[in-house]
Amino acid sequence: MKYMLMVFENEQNFADRNDMAAMDGLMQRHIAFQKEIKPVHVGGAGLKGVATATTIRTNGGKQVVHDGPFAETKEQLGGFYLVDVPDLDAAIEIARKVPLMKDGAIEIRPVMTVDAKPIA
Amino acid sequence: MPSQSLDRTVREASGRIIAALAARFRNLDLAEDALAEASLRAAETWPRDGLPRDPAAWLYRVSERCLLDTLRRRRRETGFDLDPPADAPNAEDLLLDDNRLIPDERLRLIFVCCHPAVATEARAALTLKLVCGLTTSEIARAFLLSETALAQRLVRAKRKIAEAGVPFEIPRPEYWPERLDAVLSTIEIAYSKAHEDAAGAGPHAGFAAEMLDLTRLLADLLPREPDVLALAALIRFAEARRPARIGADGAMVPLSEQDPALWSWPLIIEGRRYLGGAAGGVAASPRVIQALIHGAWCGRKSLAEPAPWPRVLVFYDALLTWRDDAVVRLNRAVAVAEVNGPQAALDDIACLDTATLAQFPPYHALRADLLRRLARTVEARAAYDAALALAPPSAEALWLKRRRDAL
């Protein structure tokens, strides 16, 4: 089963982008993490900050393009991993190890499949 | 054959059958539907042909066939493959039937029902339904929910399990403590529903028995886990005292005034055996300590014997080092009052956060009792009124009113 691991962190934790040691440290941890999950790692990416986000909202058929993320929350989607593992417990185990700058949350969502496989 | 004995057979066997089928086919709905169909067939054939040699084994075999039939039908519909239809059970099958051949996968089923990915409020209901075989309407009554609301909660939980890919596995050792804790908390929630009903005649009474069965099952499956044994002990001690919890007049009887002659001694002896395995005298976790407290009470042979307050206080002190919260502090204060006097207890609870406790009837009830003993009658009356204003269960309300009116 494929799962998307969405990494939510408070951008404030990255406010000091001049703290190269911290940024490097996090980067190194992501590289090590990717090496560790290589056999099940399907994809993923880090995202630029919410200041770069643009949202298109459709409401009653009308579309409005506006600046910023779709929802202003303390923690924002900062990146994601796509993994292919047997079940939720395996996904949880990997999600626990996703590196974070400080505090944050990883949301695990199963990826929809299009093939209508019979049960069992 | 009376339908009641069919119902009982189904209930007793359903946890094992659903667990075994779900473990094999990885699908809770298919397992449940198959058992439901097998039960219908039993209702048709058992009265006509007589009770099978081993009714549970019969149900398992027929459920398994129903499930395989469903799978074949679905495969045909989706054009996948065409297996021959299932054989009807022959004489040899029936001779071989023995429910010991049903693989016992209930522990895995319990871990699925209590998976942290399942909504907390659905875990207890799902466990009662799938592991204990209670009907949706029984569970709905116990949880004070409409049957529709409870059914929806169960459907959502099962859908989550299926779609999020919750595995039908025992958790890995490193996550064992966390996951086992989720299972035990679920049982505690379910049991507290049963225990609230002090008289034991209300809708929860029936499943107190299920909680005894479920904790016995867990203790059999995990005989080395102190917390599992402690919970099995605690539930037995609490159930043992049920007959003494309400007086002839319908008012609550406090633990220290309960007549041990009314307690169920077979349950207490069973509880002690579990507690011995859990603790060996060592207070190793909050659950073990709580079981030790209940065990201390259940050691009292008659009202003539002094109540075990000093020991209870020692255990509460130990519990406090694990869990320092308002509920533990309140319970400890009851023991403090007996050992060091009501003023000491009142001083102890004075430093608690009254804002959060204001909605908690036992807080006002304890204050009222302490103030009464200190002859601060006006304040005591106000505290009794505050407790009663929160609409506690009727047996408790009656007891509080009586105390207030005796001021």
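Residue numbering restarts at 1 for every chain, and letters A, B, ... go by the order of the sequence lines. In what follows, every heavy atom counts, from backbone to side chain, and hydrogens, waters and symmetry copies are set aside. All values derive from a computational prediction rather than experimental measurement.
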Report task. Go through A/Asp87 and B/Arg26 one step at a time and tell me if the side chain to side chain contact (heavy atoms under 4.5 Å, CB included) criterion holds. Result -> CA-CA 12 Å; A/Asp87 54 50; B/Arg26 310 278 150 164; over 6 Å; no

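Highest contact tally toward chain A, considering only B/Arg24, B/His115, B/Glu169, is held by B/His115 [criterion: heavy-atom pairs under 4.5 Å].
Only the side chain of B/Arg179 comes within less than 4.5 Å of a heavy atom of chain A; its backbone N, CA, C and O stay farther away. Interface remark: A/Ile108 contributes no atoms to any contact with chain B (heavy atom separation under 4.5 Å). Proximity to chain B is limited to the side chain of A/Arg96, based on heavy atoms less than 4.5 angstrom apart.
One finds no salt bridge joining B/Glu174 and A/Lys97 here, because no Lys/Arg side-chain nitrogen approaches an Asp/Glu carboxylate oxygen to under 4.0 Å.
Not a single donor-acceptor pair under 3.5 Å links the side chain of B/Tyr175 to the backbone N or O of A/Asp89.
B/Ala164 and A/Pro110 get closest at one heavy-atom pair: CA-CG, 3.7 Å.
Environment of CZ in A/Arg109: sparse, with no more than 12 heavy atoms of neighbouring residues, nucleotides or ligands closer than 6.0 Å.
Annotation: side chain of A/Leu88 is not in contact with side chain of B/Glu163 (no heavy-atom distance under 4.5 Å).
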